[in-house]
Amino acid sequence: FFIIFRDITAEYRKEQQVYELATRDMLTGLYNRYYCEKHINTQVQQLKDSQLAAFVLIDIDDFKQVNDRYGHIIGDAYLEHVGAVLSTLNYGQNIATRMGGDEFALYFHNIESEDTVCALIERLRYLFSVNSFRKNELSLTVQFSVGFAIGNQQSNFVALYKAADEKLYENKSVKLKKDTVYREGI
């Protein structure tokens with residue numbers, strides 16, 4: 001009889017590379033929307049009856065001005081910085097995702113309560129406040145608007161995304177009104 005050995009290391013690496021290209025955002029290294037949707041739909045089904053999950057949608061404030069004022073190279077570096085900071089927020093089985101453009105998301109599996117999500121968002125605000133974007137002489141603090149949805153085992157990506165998106169734009173409109181009132185008072 002014969003034994004044939006074949007080194008499949010190169011094939012394995014190529015498969016891993018294809019998988020990375022299919023599931024990761026090339027700019028930030030975070031997961032992409034495709035992976036996020038698949039992951040959430042799988043994970044929520046694994047929640048037990050009393051367990052909850054949270055989907056947090058993050059929209060970077062004034063990103064267009066960063067691109068317009070400093071150029072797209074700086075804009076890309078800014079988004080890379082956002083991705084790096086988001087990836088440092090650890091809570092159980094969470095994932096960070098770049099949904100597209102200047103929109104990001106976090107998914108937290110098996111959270112304790114809505115208060116836990118609020119605390120994680122405050123932690124994220126703190127992380128951005130102490131980790132300003134720096135490039136050459138430029139230093140910018142990342143500001144963002146947020147909306148989130150809490151789900152259970154009956155939830156799915158589309159429902160969580162829709163609810164978080166509605167809350168995000170509700171929060172953005174309140175923020176814009178506050179900014180307008182503040183500016184009018186000057």
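All residue numbers refer to positions in the sequence shown, counting from 1. Atoms considered below: every heavy atom in the structure, side chains included; atoms not considered: hydrogens, waters and symmetry mates.
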If every non-hydrogen atom of [X] is compared with every non-hydrogen atom of [Y], which pair is closest and at what distance?
| X | Y | answer |
| --- | --- | --- |
| Leu47 | Asn152 | CD1-C, 3.7 Å |
| Gly83 | Thr28 | CA-CB, 4.3 Å |
| Ala159 | Asn156 | N-OD1, 2.8 Å |
| Val44 | Ala53 | CG1-CB, 4.4 Å |

How many angstroms lie between [atom1] in [X] and [atom2] in [Y], if you round to the nearest 0.5 Å?
| X | Y | atom1 | atom2 | result |
| --- | --- | --- | --- | --- |
| Leu52 | Phe108 | CG | CZ | 14.0 Å |
| Glu37 | Tyr35 | CD | OH | 13.0 Å |
| Arg33 | Lys38 | CZ | NZ | 15.0 Å |
| Cys36 | Asn41 | SG | CG | 9.0 Å |
| Asp115 | Leu120 | CG | CG | 11.0 Å |

Report yes if some heavy atom in the side chain of [X] is under 4.5 Å from a heavy atom in the side chain of [Y]; otherwise report no.
| X | Y | value |
| --- | --- | --- |
| Phe55 | Ile150 | no |
| Ile58 | Leu124 | yes |
| Gln143 | Asp62 | no |
| Leu57 | Val146 | no |

Can you find a side-chain donor-acceptor pair between Tyr31 and Arg24 that sits under 3.5 Å? yes
Quick one: salt bridge (charged side-chain N to carboxylate O under 4.0 Å, His left out) pairs with a partner in residues 84-105, sequence neighbours left out? Asp25-Arg98
Per the salt bridge (charged side-chain N to carboxylate O under 4.0 Å, His left out) rule, what does the pair list look like for residues 142-164, sequence neighbours excluded?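 Every pair satisfying salt bridge (charged side-chain N to carboxylate O under 4.0 Å, His left out) with a residue in residues 142-164: Lys162-Glu166.
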Of all pairs that satisfy side chain to side chain donor-acceptor pair (under 3.5 Å), the ones with a partner from [range], not counting sequence neighbours:
| range | answer |
| --- | --- |
| residues 121-134 | Ser132-Thr141, Arg134-Ser139 |
| residues 50-60 | Gln51-Asn110, Asp59-Lys172 |
| residues 68-84 | Lys64-Asp68 |

Phe144: ring-ring contact (aromatic ring centres under 6.0 Å, His included) partners, not counting sequence neighbours: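 Applying ring-ring contact (aromatic ring centres under 6.0 Å, His included) to Phe144 gives Phe128.
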With sequence neighbours excluded, tell me which residues meet ring-ring contact (aromatic ring centres under 6.0 Å, His included) with Phe148. none
Take Thr88 and Leu127 through the side chain to side chain contact (heavy atoms under 4.5 Å, CB included) test and state the conclusion after the steps. CA-CA 9 Å; Thr88 66; Leu127 288 171; 3.8 Å; yes
Keeping Asn136 on the side-chain end and Leu138 on the backbone end, is there a donor-acceptor pair under 3.5 Å? no
Under the 3.5 angstrom rule, does the side chain of Thr97 hit a backbone N or O of Met99 as a donor-acceptor pair?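 Here the side-chain-to-backbone pair does not exist.
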Cluster check Val158, Tyr34: I/L/V/M/F/W/Y, side chain < 4.5 angstrom: no
Output all residues satisfying side-chain contact (heavy atoms from CB on, under 4.5 Å) with [X], sequence neighbours left out; order by chain, then residue number.
| X | answer |
| --- | --- |
| Glu112 | Tyr91, Thr116 |
| Ala149 | Leu160, Ala163, Ala164 |
| Ala96 | Leu30, Leu86, Leu106 |
| Gln46 | Thr42, Gln43 |

Determine, step by step, whether Leu79 and Phe104 satisfy the side chain to side chain contact (heavy atoms under 4.5 Å, CB included) criterion, reporting the C-alpha distance in whole Å, the side-chain angles of both residues, the deciding distance to 0.1 Å, and the verdict. CA-CA 10 Å; Leu79 292 174; Phe104 294 82; 4.0 Å; yes
So, using salt bridge (Lys or Arg N to Asp or Glu O under 4.0 Å) as the criterion, who are the partners of Glu114 when residues are at least two apart? none
For Leu168 and Asp165: C-alpha separation, side-chain torsions, deciding distance, then whether side chain to side chain contact (heavy atoms under 4.5 Å, CB included) applies. CA-CA 5 Å; Leu168 169 71; Asp165 194 42; 4.1 Å; yes
Run the numbers on Val56 and Val117 for side chain to side chain contact (heavy atoms under 4.5 Å, CB included), then give the verdict. CA-CA 8 Å; Val56 180; Val117 180; 3.9 Å; yes
Going by the angle between their ring planes, with limits at 30° and 60°, are Tyr107 and His109 parallel, tilted or perpendicular?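 Tilted.
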